[in-house]
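Here the structure is laid out as structure tokens; the discussion comes afterwards.
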Amino acid sequence: MARTQDEKTPFAAVGSSFDQPELEHGILELWERERSFDALRKKNAGGPRYSFIDGPITANIEAMGIHHAWGRSYKDLYQRYKAMQGFDQRWQNGFDCQGLWVEVQVERELDLNSKRDIETYGIDRFSRACRARVDRSAAAITKHSIRLGQWMDWDNSYYTYSDENISHIWHVLKLCQEKGWLYRGHRAMPWCARCGTALSEHEMTGSYKEMTHTSLYVRFPVLPEGKGAVLAKQRASFLAWTTTPWTLPANVMLAVHPDLDYAKVRVVADGATEPEVLILGAKVFAQTKWHRAELLGTVKGRELLGLRYAGPFDELPVGKTSGPAHRVIAWDEVGEEEGTGIVHIAPGCGAEDFALGRREGAPVIVPIDENAHFATGFGWLDGKEARDVAHEIADDLRRRGLLFREVAYTHSYPICWRCKEEIVFRVDDEWFISMEELRPRLKEAAVKVRWLPAFIGQRMQNWLDNMGDWNISRKRYWGLPLPFYTCATGHFFVIGSERELRERALRGLERLEELHRPWIDEVVVACPECKAESTRVKEVGDCWLDAGIVPFSTLHWLDDRAYWERWFPAEFIEENLEQVRLWYYSQLFFSVVLTGRAPYETVLSNEFVYDESGEEFHKSGENFIDFPQAAERAGSDVVRWYYARHDVAEKVLFGYQVLGGVKRRLLVLWNTYAFFVTYANLDRFDPAQPDVPVARRPLMDRWLLSALERLVRDVRAALDQYDAQTAALRIEAFWDDLSTWYVRRGRRRFWKAESRGDSLAAYQTLYEALTTLIRLFAPMMPFLAEAMYQNLVRGAVAGAPPSVHLTDYPRVRPERIDDELERRMRAAIRVVSLGRAARAAAKTKVRTPLPRLVAVFDEGDRDRGALDGQDALAAIVREELNVKDFEVRDRAEGLVREVVKPELKTLGPRLGKDLPRVRAALAEGRYERRDGRILVEGHELLPEEVLVSHEGEAGHAVAREAGLAVALDTTLTPELEAEGLAREIAHKLNDMRKDARLDIADRIALRFDGEIAPAMERYRDYIAEEILATSMTRGLAGRGHGWSGELNGVSAALEIERA
RNA sequence: GGGCGUUUAGCUCAGCUGGUUAGAGCACUGCCCUGAUAAGGCAGAGGUCUCUGGUUCGAGUCCAGAAACGCCCA
């Protein structure tokens, strides 16, 4: 903060606008120079603890996204809020460092296209490249987070690739093995052929895209065995449909629904001469157009069970395995919405198929290898890419008379979330953790957590209900090495820590740089049972293992349990809501295994960020905005404030237009600040002067201070509930009132003090409001708060803490809250607001004084009785609306008329169906008043059963809102017109001063002429004071800044120059 | 197919336990105020509160059903 310290002015001058990014760079330098964050940590060391745990951000990006900035704004907000209350914190940031996302990125950078390429390149070099990539990304994220204003212990960030993290995971995996939850499963998994690995459930989310595939209707001829003899004679075939033709060579069975009707149809296929018989779902048959078809009969699916058929590729070697198994089986999931009602089952190519195969004891044929190339045993298909052969298979089937129809089919199909290749399904060996025993424990632990917003808790329960066994293995390189070993004689065991590895090692330790492939694979260990040499399995772990262990690894569960106990569980975590199935889940898993409880107490989740038109941000798209761009163009605090005042549960529409709106709001605050500084400097205001006791300050000041205390109370209450939106909106509402009511109303007290004491009270009140306000929003807008603090407090008050972030968060002084005063002020503001509307209706400028304003509050209005037309508030109303007299009346005949309405809450139940009639009669004035009661439509209503309000009579300047009406007496006298003209002249002259670019304190000489002369003479003192004139003479000199024209229809000529 | 959320002005959203004229911000139009003002104020225009049915004297609000959109799971 370059600040020229003029000894005569207490504060550095502040312009009418400000460059937020520039301001922020100044503050970043200040914090860096003064090591402000270190000072904060030192100040709070040993204080009460507040435990926040940072979810690891994926260290695989070049620039922080604006969506990261959202979550990080909250993280920083609440940590700073707690810090200002003296809480000691860990301030540890984390990076997620392993897994497919890093590998895919590095493959791209190194131009590697397959696992074979990686192995040729060398796993060691590949791993080092991955680590380097992570470190580069972490450095960029750190830099951008600092730019966001986030305060963290950046030198102490945790990295999930660390040996400590890995060792902690091993510990838990060994525990799972001991509990019997760990198993090796042979099952069908979604599989990415390019990455050469299975993908887990979490990785499938959001990866379905619309695409078009070749789908085939294929004949499966019935074999003349058992019940099939008759059908076979008729040349009958089952008709089945598939969107994945490459799975047909792996067909083992056909499935039907036992309760559905199936049609036997005689048809002559296109181009065929002989009729044939097809078997397919009856509904499908009925809904399909046929050229020549004849329904022979219908049977239930169960009657088809056990029938045998010839598979489409039985002549290939694989047919020796599948052929004998071909038969029709029952499956309740078969439907007729898609396909033919008969489902082709290939247990080696799909999860459900696999389960059916297992149920039926059928062989599992896995047609493709890791890279989705056909294995041997498939004849002409051997070695071909599965996803490329759809047309070849169709041609082959057509040639052999097995293809009934080929149709392009558009459907939603999964792609790999990282490399965007189409997924296949493949059966292979994978490692799993069984959820059966854990599921109820996880659910129970999750119920005890405070989820914000609450529906996130239900989503977690839903996820846990549906969560299958967790596939934790990936056939990849840069990841957690699974510590699973098998010895030469077949014993299986799990290594539970790095120390255990070192103890069991027979050789290979000397080359173990870190617990990663390939070095870890070279360590040969002794089998605990038979001492035989054992090597590690090749698989690495799911990256959500890495993140889930964080509440233990970063808190040193294994090596410093006392430390862990001090900081576990996290009182608060905050992430995007997609983390339900990711980090929230994986942490919960580890924590329940190790401690039986959840690792967090309050979980705040925010929605996603979209662009201004509601479209998703695409990294490569034109609409993409990364955080560093937004920071330099709009400012971090503008972004942070936008986020703070947003509902966490609503998606954010982000763009420079909305940020412009936020900046405009900040300008209201800034202008109040600039106003204060300008006049405080002119008047040499010294914040160290003794306070004017609050009780002796004018009503306006006491009102503002009461509202300020209320604000402190409300903001603290909101932030204690992690409700930043309410806090931010309250703060904004306060600074709006401060600017547009307190300062605007009280301006003259600052530049034309009637008494020294009143001016001091005004300065002290505004100063307190501003300095309290900046501490209130310091956690949300740390830069702006700091900039204002440095100028308002640090530069002006000896001994003040060097940073706003080292001050205490404001505490409520309840004795300053004056409910009644705030009620009266609200009533006055309502009257003024309505009065302006009445002014507009009367088409009279506020500069023209009017004789009288009458206000009538309705019975039952909460502000009735708050104003009496006599006190300081009445003076405010008179001045604000420029009326000579202000009256508050219970009713005002002639200006407003009485309107009686039924009190629905009491009359509704009493009158029932008569209510609409009574209501109409009251509205039309068809009622009588007698002894305070009201007679209407044969009913007698008590005073408390009606609401009496007032409406303006036509022809008067009146305005009305719910509960209040005001009427303006618009009679103009020559007196009032003359006064109005004087004000008009003063206003014009002040405009001219502005045009002449005079300084606000310059004195001027005024010359004038024209019909305004009488008013000029009569209001000479008033005008001179308003425009700082030292002389006023009739007759122009032709010098200086001049103007002539009409003011309120009166001719005028004016001339001013600096005196 | 199951779960969760959403549907109110051109846009983004408030609307508490049912109640009298459904609000705010942005944008638009007009007027006003202004020696802190890249601000502010007043007003205008803009609504079949997604639809259907029900409960009730009275439904944006409660109940049932439907639809559309989004997310999670299958």
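Letters A, B, ... are given to chains in the order of the sequence lines, protein chains preceding strands, and every chain is numbered from 1. Bear in mind the structure is a predicted one, so any value in this text is a computation, not a measurement. All values below were derived from every heavy atom in this structure, side-chain atoms included, with hydrogens, water molecules and symmetry-related copies excluded.
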Checklist entry - Do A/Met460 and A/Trp451 have side-chain heavy atoms sitting under 4.5 Å apart? => result yes
Checklist entry - B/U56 and B/U12: how far apart are their P atoms, nearest whole angstrom? => result 38 Å
Checklist entry - Less than 3.5 Å between a donor and an acceptor, one on the side chain of A/Ser739 and one on the base of B/A36, is that the case here? => result yes
Checklist outcome for this item: Closest to the side chain of A/Arg664, out of B/G70, B/A27, B/G19, is B/A27
Checklist outcome for this item: Whichever of A/Arg459 and A/Lys905 has the more 5' nearest nucleotide on RNA chain B, that residue is A/Lys905
Checklist entry - Of A/Thr848 and A/Thr906, whose nearest nucleotide on RNA chain B comes first from the 5' end? => result A/Thr906
Checklist entry - Counting side-chain heavy atoms from C-beta on, which of B/A39, B/C33, B/G3 comes nearest to A/Asn671? => result B/A39
Checklist outcome for this item: Between CG of A/Leu881 and P of B/U34 the distance, given in whole Å, is 13 Å
Item to check | Out of B/A36, B/G25, B/U34, whichever nucleotide has its closest atom nearest the side chain of A/Arg665 | outcome: B/G25
Next on the checklist: Does the structure show a Watson-Crick or G-U wobble partner for B/C11, both distances under 3.5 Å? Name it, or say none.
Outcome noted: B/G25
Checklist outcome for this item: On a heavy-atom basis, the closest approach of A/Tyr1022 and A/Ala986 is CE2-CB, 4.3 Å
Next on the checklist: Can you check the distance between B/A64 and B/U21, where both ends of the measurement are the P atom (answer in whole Å)?
Outcome noted: 29 Å
Checklist outcome for this item: Rounded to the nearest 0.5 Å, the OG1 atom of A/Thr848 sits from the CG atom of A/Leu981 at a distance of 9.0 Å
Item to check | Euclidean distance, atom CD of residue A/Glu945 to atom P of B/C57 [Å, nearest integer] | outcome: 17 Å
Next on the checklist: Students often mix this up, so state it plainly: with edges at 30° and 60°, are the rings of A/Trp463 and A/Tyr585 parallel, tilted or perpendicular?
Outcome noted: perpendicular
Item to check | Closest to the A/Tyr679 side chain, choosing from B/A36, B/U34, B/U20 | outcome: B/A36
Next on the checklist: Work out how far the P atom of B/G10 is from that of B/U6, and round it to whole angstrom.
Outcome noted: 22 Å
